[in-house]
Protein chains: 2
Amino acid sequence: MFTLAEENYLKAIFHLENDCGTGVTTNAIADKMDTRASSVTDMIQKLADKKVISYQKYKGASLTKKGKSIAVNIIRKHRLWEVFLVEKLDFQWDEVHEIAEQLEHIKSNELIQKLDSFLGHPDFDPHGDPIPDTNGYIKPTEKKLLSKLKKNQQGICVGVKESSAKFLQYLDTRKIGIGSSIKVIDKEDFDQSMTIQVSNKQFFITKQISENLYLKTI
Amino acid sequence: MFTLAEENYLKAIFHLENDCGTGVTTNAIADKMDTRASSVTDMIQKLADKKVISYQKYKGASLTKKGKSIAVNIIRKHRLWEVFLVEKLDFQWDEVHEIAEQLEHIKSNELIQKLDSFLGHPDFDPHGDPIPDTNGYIKPTEKKLLSKLKKNQQGICVGVKESSAKFLQYLDTRKIGIGSSIKVIDKEDFDQSMTIQVSNKQFFITKQISENLYLKTI
DNA sequence: TTTAAAATTTAGACAAGACTAAAAAATAAA
DNA sequence: TTTATTTTTTAGTCTTGTCTAAATTTTAAA
């Protein structure tokens with residue numbers, strides 16, 4: 001059985017490894033977990049003892065099969081709870097992350113199986129992130145960062161990379177959400193800022209925004 | 001903010017105080033929490049520092065107004081989650097306690113308020129225990145232990161005192177549940193054992209059983 | 001009312017998980 | 001390639017919540 005702290009480290013390592021494709025450094029983990037590098041060293045040594053990560057001194061860490069499976073299960077729980085909060089309890093999509101961070105650690109396989117049924121086996125959470133299935137399989141989705149699109153290309157918003165409340169509220173005030181159709185009207189070479197069109201309205205957005213919106217191009 | 005351990009102590013002290021009407025002893029808490037008296041001493045000193053219990057050395061502890069309000073809120077959450085698990089996720093009444101023990105510690109007032117609405121503001125949990133309202137008010141219910149009834153008296157089962165899975169399963173196999181009509185057919189003076197009738201079937205039950213079933217008499 | 005037993009508290013230790021400061025290793029710069 | 005910088009690890013400390021063993025207080029018995 002894993003403690004709350006251990007589960008959070010596994011989740012963080014999973015996300016980092018996923019984003020960068022490679023093994024993750026001590027500092028990267030410390031950064032993500034908002035803790036000190038020395039604390040991370042302690043923990044990754046413990047996790048290595050438990051065979052959930054492979055780790056060599058000074059060489060960073062990466063999840064073992066077992067570690068990955070635990071991490072994915074936590075993410076599955078997180079995303080299912082998010083669906084519950086939005087679909088059943090009428091939360092806004094920017095309000096659910098913190099609560100799901102707590103709920104994801106509830107230990108009961110039967111609970112998650114029943115919750116999944118109750119929600120009708122959803123494929124995506126309210127931010128467009130795919131929900132891993134019972135076996136930990138995550139359906140690969142072809143999605144592109146808005147920042148990768150060129151002038152005049154368009155697509156449907158299928159997810160957000162960053163999901164902080166502030167960013168989500170930024171999107172809300174501009175009526176951008178999962179399913180929104182977005183077209184690049186203009187793109188500035190110099191700083192990658194864009195003018196986009198969302199249902200007849202045009203907005204100017206910075207690179208920071210376009211790098212956090214996933215689209216399915218048409 | 002209170003830690004998980006602190007919350008569990010407050011809840012235990014609340015239940016003990018409620019059952020016995022009086023301040024609770026260190027040993028009673030240790031017993032309930034399945035821990036050592038010395039650990040309890042440590043914790044109740046900490047809780048006294050935080051002004052949630054009043055405590056004098058060697059004299060036992062009792063909740064302050066603030067402590068009581070925290071404890072009741074945890075109990076409210078526990079019981080609401082139990083309703084959710086049984087009503088929405090189709091759990092049996094003997095399966096929900098452990099999961100609710102985890103869920104009761106999730107911190108979010110908005111979550112509980114929305115959960116309560118979603119469930120239609122239930123008054124009782126699946127074991128017949130009243131759900132405290134937002135202000136911590138617990139509607140007093142006139143219920144009697146089956147063990148207090150005399151020969152030929154009858155009532156409707158409105159709750160169970162003990163709610164271990166084993167006891168609940170014992171009731172299930174005899175088709176006794178919340179709402180069952182129970183009549184005392186015979187009562188043995190010597191050991192308080194009874195013969196009871198539940199919808200045309202008669203059962204012999206020991207004092208241990210009759211002391212854990214609450215009835216509303218008619 | 002003095003003594004014996006039970007209950008409670010103190011003292012000291014330990015594990016988990018975090019921290020600071022300092023040492024060691026790896027990487028980048030000159 | 002040697003030096004400087006950054007990264008990582010070690011050593012030692014702290015807090016929370018637990019434990020055992022011993023000391024103290026309270027309660028029950030003689």
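In this text the structure is predicted, and so the values were computed from the model without any measurement. Numbers restart at 1 for each chain; the letters A, B, ... are given by sequence-line order, proteins then strands.
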For Met33(A) and dC19(C), what is the distance between atoms CE and P respectively, to the nearest whole Å?
-> 10 Å

Does a side-chain heavy-atom distance below 4.5 Å link Thr26(A) with Ile44(A)?
-> yes

Under-4.0 Å side-chain N/O to phosphate OP1/OP2 contact, Tyr9(A) with dA16(C) | no

Starting from P on dT9(C), measure out to CD on Gln56(B) and report it in whole angstrom.
-> 11 Å

May I ask you to verify if any side-chain N or O of Tyr55(B) is less than 4.0 angstrom from the OP1 or OP2 atom of dT8(C)?
-> no

Just how far, in rounded Å, is P of dA16(C) from CG of Leu4(B)?
-> 18 Å

Rounded to the nearest angstrom, tell me the gap between atom CE in Met1(A) and atom P in dA16(C).
-> 16 Å

Expressed in angstrom and rounded to an integer, what is the separation of Asp31(B) atom CG from dA6(C) atom P?
-> 16 Å

Within less than 4.0 Å of OP1 or OP2 of dT7(D), is there a side-chain N or O belonging to Thr25(A)?
-> no

Side-chain donor/acceptor contact of Thr41(A) with base of dT10(D) under 3.5 Å = no

Among pairs that include at least one residue of residues 80-103 of chain A, which meet salt bridge (Lys or Arg N to Asp or Glu O under 4.0 Å), considering only residues two or more places apart or in two chains?
-> Lys11(A)-Glu101(A)

Nearest-neighbour nucleotide for the Ala5(B) side chain, dA18(C), dT18(D), dT9(C) considered | dT18(D)

Minimum-distance nucleotide to Arg36(A) side chain [options: dT9(C), dC19(C), dT10(C)] = dC19(C)

If you find the nucleotide of DNA chain C closest to Ser38(A) and the one closest to Thr3(A), which residue's nucleotide is nearer the 5' end?
-> Thr3(A)

Backbone N/O of Lys51(B) and side chain of Thr64(B): donor-acceptor pair under 3.5 Å | yes

Side-chain donor or acceptor of Lys187(A) paired with backbone N/O of Ser193(A) under 3.5 Å | no

Under 4.0 Å between a side-chain N/O of Asn27(A) and OP1 or OP2 of dT8(D), yes or no?
-> yes

Heavy-atom closest pair (Tyr55(B) atom, Thr41(B) atom, distance to 0.1 Å) is OH-CG2, 4.2 Å

Here the distance between atom P of dT8(C) and atom CD of Gln45(B), to the nearest Å, is 13 Å

Using atom CG of Asp34(A) as one end and atom P of dA18(C) as the other, report the distance to the nearest whole Å.
-> 11 Å

Reckon Asp42(A) touches a base, only the sugar-phosphate, or nothing at all at heavy-atom distances under 4.0 Å?
-> base

Indicate for each nucleotide in nucleotides 23-28 of chain C, in 5' to 3' sequence, whether protein heavy atoms under 4.0 Å reach the base (B), only the sugar-phosphate (S), or nothing (-).
-> --SS--

Between dA15(C) (C1') and Met43(A) (CE): distance, integer Å = 12 Å

Between His97(A) and Ala165(A), is there a donor-acceptor pair closer than 3.5 Å when you use the side chain of the first and the backbone of the second?
-> no

Residue pair Cys157(B), Leu213(B): steps toward the side-chain contact (heavy atoms from CB on, under 4.5 Å) verdict = CA-CA 7 Å; Cys157(B) 178; Leu213(B) 274 176; 3.9 Å; yes

